[in-house]
Amino acid sequence: MVADRTLDARWLRRGVPAALVLLAAAWWSIKLYAGGGDAAVLAARPSWSLMGAAPGGASAPPRPLAAVRAKVLESGVLQGTQVAGDWAVGADGRLHPSVALRQRFEYYLLGLGDASPQELRALIEEEARAAHGPKLAAAIMAIFDQYWALRMQQPRYPLNPLDRSTWGAALAEQKAVRRQFLGPEWAQAFFADEEAYFEQTVAQVDHPGGVDRSVAGGQPVPQMAPGKDAASVRAERVALYGEAAAQRLERADAEWADWERRRDAAQAEWRRLSNAAELSAPQRQQAMEQYVQAHFKLDERLRVRALLDLR
């Protein structure tokens with residue numbers, strides 16, 4: 001991929017070791033991953049971590065499907081491209097876990113910006129229904145909804161390719177959350193190659209300098225649980241990842257707790273507004289939008305709108 005070569009050259013000029021550049025390039029490839037398709041399309045679109053929110057969560061009502069199709073496939077970013085992946089339906093007429101379905105989803109999701117998530121979901125459902133009928137389309141869309149919910153999750157432990165101490169926690173979290181949302185079979189099908197590539201790259205980075213305990217073999221990050229206190233959790237983290245990483249994990253925990261508090265408050269406010277009989281629907285929308293603007297940063301607002309299903 002062109003982006004990878006540019007990344008390599010830029011960081012090598014800065015004196016970053018080649019092995020570390022390989023790790024960063026690997027992660028960059030994962031962020032840009034869309035299961036094939038036109039390289040020019042990939043380069044032209046913004047990239048998002050699969051553990052983050054994608055743009056396009058506008059509150060405007062969905063357009064007619066014909067208009068969405070025309071915008072996305074005929075005049076938008078996907079114009080002239082070949083559909084990637086497939087619907088993962090076997091010769092037995094059943095849905096089988098396969099990365100090809102993730103590739104198909106990601107192909108259509110490149111249309112974010114030309115269409116909202118709701119509009120793209122309707123387009124994907126129509127395509128699946130046309131290909132395999134309503135029953136299989138419903139099963140495919142159930143997987144899509146789980147995949148989209150996974151995409152919308154904000155990571156507690158973000159990965160920084162240049163910060164060695166973040167790798168183990170980030171990968172462990174991703175593995176756990178992917179299996180939580182998709183189940184073990186679909187998570188394995190969608191992400192096994194990507195996870196193996198990442199782990200192999202980490203091993204290559206490790207090789208020149210030996211094993212670094214900050215990766216900790218991808219072990220889960222110690223968390224609070226019945227019978228444990230904050231001091232014991234912190235001691236486990238220090239033992240696994242080192243003092244500096246434990247401090248970063250504490251900051252990440254605090255940021256996550258703050259996000260959850262504000263998210264829950266927003267949900268409560270939306271329930272209150274929804275039950276306010278004296279307000280019209282547009283007035284409720286306007287009041288909630290003002291609340292979101294006041295309590296969430298710019299990069300959080302799309303996620304909150306999607307979580308609250310604001311139209």
Verify whether one side chain among [X] and [Y] offers a donor that lies under 3.5 Å from an acceptor in the other.
{"X": "Y108", "Y": "E127", "value": "yes"}
{"X": "Q285", "Y": "E289", "value": "no"}
{"X": "Y291", "Y": "Q286", "value": "no"}

Item to complete: Assess whether ring-ring contact (aromatic ring centres under 6.0 Å, His included) is satisfied between F190 and Y147, documenting all intermediate values.
Response: CA-CA 10 Å; F190 276 19; Y147 183 64; 5.6 Å; yes
So, for [X] and [Y], which heavy atoms are closest and what is the spacing to 0.1 Å?
{"X": "D114", "Y": "R63", "value": "O-NH2, 2.8 Å"}
{"X": "L136", "Y": "V89", "value": "CD1-CG1, 3.8 Å"}
{"X": "V68", "Y": "A115", "value": "CG1-CB, 4.1 Å"}
{"X": "A169", "Y": "Y157", "value": "CB-CB, 4.0 Å"}

Discussion item. Tell me whether D145 at atom CG has more than 12 heavy atoms from other residues, nucleotides or ligands lying less than 6.0 Å away.
Written reply: yes
Discussion item. Tell me whether the count of non-hydrogen atoms from other residues, nucleotides or ligands lying under 6.0 Å of CD in E250 goes above 12.
Written reply: yes
Worksheet entry | Row check, W87 ring normal vs R104 NZ/CZ: under 6.0 Å, within 45° |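 R104 over W87 ring: yes.
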Fill in: Verdict with supporting geometry, R69 and E74, salt bridge (charged side-chain N to carboxylate O under 4.0 Å, His left out)
CA-CA 7 Å; R69 176 181 294 280; E74 297 173 14; 5.8 Å; no
Fill in: Audit row: E269, R272, salt bridge (charged side-chain N to carboxylate O under 4.0 Å, His left out) steps and yes/no
CA-CA 5 Å; E269 176 65 8; R272 185 189 71 81; 2.8 Å; yes
Worksheet item: Less than 4.0 Å between a side-chain N and a carboxylate O, is that true for E194 and R102?
Response: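 Looking at R102 and E194, the cut-off is met.
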Fill in: R179/E195 salt bridge by N-O under 4.0 Å criterion
yes
Worksheet entry | Verdict with reasoning, E255 to R251, per salt bridge (charged side-chain N to carboxylate O under 4.0 Å, His left out) | CA-CA 6 Å; E255 292 171 358; R251 289 195 296 270; 5.9 Å; no
Fill in: E173 side chain vs R156 backbone, donor-acceptor pair below 3.5 Å
yes
